[in-house]
Asker: 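My questions all concern the structure below.
Being a predicted model, the structure only gives us computed values, none of them experimental.
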Amino acid sequence: MNAVEIEEAISELAEQEFDAQAFPYAFLEAFGNKATTIQRLKSGATNKSDLDGVLQTNNIHIKVCPVGEVTQTLIALKESPATARAKAKFVLSTDGVDFEAEDLTSGENVACPFTEFPDHFGFFLPLAGITTVQQIRENAFDIRATSKLNKLYVELLKDNPDWGTSARRPEMNHFMARLIFCFFAEDTDIFDGSGLFTNTIDQMSERDGSNTAAIISEIFRAMNTKSSDRVAGNFRNWADKFPYVNGGLFSGSTEVPNFSKIARSYLIHIGNLDWKRINPDIFGSMIQAVADDDERGALGMHYTSVPNILKVLNPLFLDDLREKLEEAGDNSRKLLNLRNRMARIRVFDPACGSGNFLVIAYKEMRAIEAEINRRRGEPDRRTDIPLTNFRGIELRDFPAEIARLALIIAEFQCDVLYRGQKEALAEFLPLDAMNWITCGNALRLDWLSICPPTGTGVKLHSDDLLETPLDQAQIDFENEGGETYICGNPPYLGYNKQSSSQKADLEAIFSSKTKNWRSLDYISGWFGKFIEISHYGFDAAFVATNSVCQGEHAAILWSIIFNSGTSIFFAVPDFRWANNASNNAVVTVSVIGLSAKDDHSRAIYTDDLKRNVSCINQYLIEGAPVPMAAASRSISGLPHMLLGNMPKDGGNLILSSDEAAELRRDFEDAEQYLYGFFGSQELINGTLRYCLWIGDEDVEIARSIPPIAQRLAGVANMRLASPAKSTRDFADRPHRFKQIQGTATQYTIAVPSVSSERREFLPVDLLSSTNIVSSLAFALYDAPLWNLALIASRLHLVWVATVCGKLETRYRYSNTLGWNTFPLPTLTDKNRTDLTRCAEDILLAREAHFPATIADLYDPEHMPEDLRAAHDRSDEVLERIYIGRRFRNDTERMEKLFELYTQMSSAAPINKTTSQKKA
DNA sequence: AATCCGACATACC
DNA sequence: GGTATGTCGGATT
């Protein structure tokens, strides 16, 4: 269960009539305990209570007591020996009227009327095994609100199916944004009288919901009518109490979806939450999940992103502002300069979603400004940071809507925090914040139209929500001499997952720059758009899938970026962008800071440590950019390495060892078609699989074996169903692998394509010729054994780890990127003999530990000494060939390899006869 | 004709 | 239910 589901369950429990017998079990059920667990507690089998309550080991001791005895019962629970024995984390007592609980770990208490205990649901989340408790508890309100809004949203769409169509979704979303504003306004005195909105609906509308829409619509009309027009508007007294808000939010249609009785009661429930506590940092990303069918599964799961967002904003510009604040000390003049500078900083997020980068940037800047004003003795001063300097582009209309709202709310909350409630209210209405969140495709829009270079005018862009034209003079003034920081977390989408319109977006940006634009990740588009304008002096930092700094991207994308005169001024390499909850997208990302200024200081951040460097290359390591390119032949004249054989068979040509044994047992003749099948898994973990390998001339005989015939039919079916024409066309040869790359006559040196980055050496192994290498490994067929020593070397691992692609942070081997580009000095005969011996020694050392697998042998914690020694000797021999001694460290290894690569790749001596020669 | 990638996928404790 | 670590086949060149 996720946090939202738990919230729903306990809210429901609190609303039901109190049942003293059932409550403890219902409570545990609400926190995700399975029916069987509950049953065993009920039967007494696992109930450890010594007080006639319910005590679940390692969790909670609950007791329902007679009315009026809640407090003494809680004390009894705390002092009960059974509570300690069962290591309970919580004690809880209730009489159905009052409710008390204590977290025995932290000593925190909850005491409230029974009906309000769901307000404290965050308190109990450890019961559900949710780990990021701190964040969830801080954001408990946002989760509750999201949960309830989601219920209302779904209910409204059920009653108003036409509002769910793509044509009316924007209207529906706009309506939800208005509601959220009203909830916030009525709890923060923005409306005159607390609960004005909810109470008005409650009092004025029929209980069956019939006229709810009309009432809300009338309120919205009032909020779009200036006080001077109120008389002409002919408002009823109850509607006239609502202030003029506008700011784009309440302009346009006042149509409201129809409310059923249920929808009306949901609405009133939501209104009764305390919306003051809304956290605009994360509320936006939570609430957008409400409107997004694909994201609903992740509802309430966006609670750990703030520290990640600061990994972008701090190095981009906030750290610098804080440094300047530090330097200014109490110097009034310097403080003023800093404030003036901040007033002209624009933050632009061209993939802003619900605006959390903008909101966090805004709040951080307000905090710095508040400190300036405090030191200057102007604590009440109105902010100099205009909300209009926080701009964004978002494709989906609901997040765009929420982003506007989140910024408005953030501004109000900052005013309350730094200046006081009264000052905040005085200037809040009507909303004058212009709409700087543009709904549209960031890869198609002209970024300069939203964020013009400083000192030039602003080109207005169309926006249906923007009614009054902007005050041109004001905006121009704000831009004068200002800085612009572009940031965000744009969408990532691998090249073979993009839609045709996304392909077209990339084509428009990159087709004039590279013929390989089709291989780029979708996020590359944001880099491409940025380098078109980086020369205006804008700096940018994006969080991106770490793939853009690996493998093919390192060659295709980065040559374009570096050639544009843009370079990397900071990087936060490889960390997980995760929300520590189930159901949630996890991906490894890097933050990349880009600038066309060459006088930038540069730094790489790892584990929150900053390391200043002179230059950062496309792999996000210190050093000059490297002109890497995939190669189809080894630049060092090494033997030709091939990808293994790819079945494209839907699993039909592959047999587990059990399946193979069964087939052999039932059909003796099947043996001749069964071959060992080796991919990464088999090579590393020693598991055995087999494949059917049938020559064209044997098909008919093979088909006479029924299970084989059945499998071939399965292959044909799978291939026919494929969206790829080339695969469908191969359905008429189901006995054949789709891609047959090669087999050995003597033996094969095989390298897994994906393997764990924890190992200190690449897991290369030797196979006999009776085995087939799958496309999950690479193969050197019948090549001299010294090649195995190369692949097993530290030098080669470091090279592959740097220049090949990766799967997250796993090593991903590649012939074109890793093997063919590997720079190796010309070997003498003696070198070859020595390396052959080294390879043999490594294999012998492994054999001494038979039947340990590669995974066992190369476990970094338990690597056998003799094997490590064999590798060490091998590395010694190889490294002497490069520089006459051992390398001091991996940095020195990479420097040498890049240096050699740069020399050799331009010459690229490729001699087909020697490179293909076999042992 | 041959290969690189995955806002991943899944088997494991 | 986190952590550890590698499948599979489409879209590409």
Side-chain angles (χ1 to χ4, degrees), chain A residues 1-2 32 128-132 294-295 298 351 353 489-498 500 503 514-523 543-548 550-556 576-589 630 632 640-651 653-654 677 679-685 687 689 718-719 721-728 730 737-742 752-759 763 774-778 804-820 855 858-860:
Chain A
M1 276 176 109
N2 69 34
I130 288 178
T131 48
T132 49
D294 299 333
E295 277 196 53
N489 179 9
Y492 331 141
L493 212 51
Y495 71 91
N496 61 2
K497 297 194 168 187
Q498 294 163 18
S500 53
K503 282 281 176 215
T514 171
K515 62 180 172 42
N516 291 320
W517 58 269
R518 284 186 185 82
S519 295
L520 294 173
D521 191 286
Y522 192 49
I523 195 183
V543 15
T545 170
N546 64 347
S547 302
V548 297
Q550 298 167 354
E552 290 194 300
H553 279 89
I556 305 170
R576 299 272 280 182
W577 188 279
N579 302 91
N580 277 16
S582 56
N583 255 345
N584 219 41
V586 282
V587 59
T588 305
V589 298
S632 56
H640 200 51
M641 181 183 280
L642 296 165
L643 180 72
N645 304 288
M646 189 180 289
K648 292 203 182 170
D649 64 330
L653 294 174
I654 315 300
F677 188 61
S680 300
Q681 167 77 241
E682 292 76 23
L683 284 164
I684 293 168
N685 295 308
T687 49
R689 283 161 100 202
M718 175 272 174
R719 289 186 183 164
S722 165
K725 183 171 186 299
S726 59
T727 306
R728 286 198 304 276
F730 225 74
F737 277 34
K738 173 69 178 64
Q739 299 292 339
I740 295 180
Q741 306 300 345
S753 36
V754 172
S755 64
S756 167
E757 71 275 27
R758 290 178 63 245
R759 301 195 183 104
S774 91
S775 60
L776 293 155
F778 288 85
C804 285
K806 288 188 177 164
L807 180 53
E808 301 241 285
T809 47
R810 274 358 58 71
Y811 301 135
R812 193 200 295 269
Y813 201 84
S814 153
N815 52 355
T816 63
L817 291 163
W819 177 252
N820 293 340
Y858 288 87
D859 180 333

Asker: Ignoring backbone atoms, test whether A:Ser756 places a side-chain nitrogen or oxygen under 4.0 Å from the OP1 or OP2 oxygen of C:dT5.
Answerer: yes
Asker: Report yes or no: is there a donor-acceptor pair, N or O only, under 3.5 Å between the side chain of A:Asn489 and the base of B:dA7?
Answerer: yes
Asker: Using a 4.0 Å heavy-atom cut-off to protein, can you give one letter per nucleotide of nucleotides 8-13 of chain C, 5' to 3': B if the base is in contact, S if only the sugar-phosphate is, - if neither?
Answerer: BBBBSS
Asker: If you compare every side-chain N and O of A:Gln681 against the phosphate oxygens of C:dG6 (OP1, OP2), does one of them come in below 4.0 Å?
Answerer: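 Answer is no, no contact under 4.0 Å.
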Asker: Look at A:Ser755 and C:dT5 and indicate whether a side-chain polar atom (N or O) is within less than 4.0 Å of OP1 or OP2.
Answerer: no
Asker: How is the base pairing of DNA chain C summarised as a dot-bracket string, given the Watson-Crick and G-U wobble criteria with both distances under 3.5 Å, [ ] for crossing and | for another strand?
Answerer: ||||||.||||||
Asker: Return the 5'-most residue of the pair A:Glu808, A:Ala630 with respect to DNA chain B, ranking by each residue's nearest nucleotide.
Answerer: A:Ala630
Asker: Classify A:Ser753 by what it touches in the nucleic acid, base, sugar-phosphate, or nothing, heavy-atom distance under 4.0 Å.
Answerer: nothing
Asker: Between A:Asn815 and B:dT3, is there a side-chain N or O to OP1/OP2 distance below 4.0 Å?
Answerer: yes
Asker: If the P atom of B:dA7 is compared with that of C:dA4, how far apart are they to the nearest Å?
Answerer: 22 Å
Asker: Looking at the side chain of A:Ser547, which of C:dT5, C:dT7, B:dC5 is the nearest nucleotide?
Answerer: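 The closest nucleotide is B:dC5.
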Asker: Between C:dG6 atom P and A:Leu683 atom CG, what is the distance in whole Å?
Answerer: 11 Å
Asker: Is it true that a side-chain atom of A:Lys503 and a backbone atom of A:Tyr495 form a donor plus acceptor pair closer than 3.5 Å?
Answerer: yes
Asker: Output the rounded distance in Å from CE (A:Met641) to C1' (B:dT3).
Answerer: 14 Å
Asker: Mind checking what makes salt bridge (charged side-chain N to carboxylate O under 4.0 Å, His left out) contact with A:Arg810, not counting sequence neighbours?
Answerer: A:Glu757
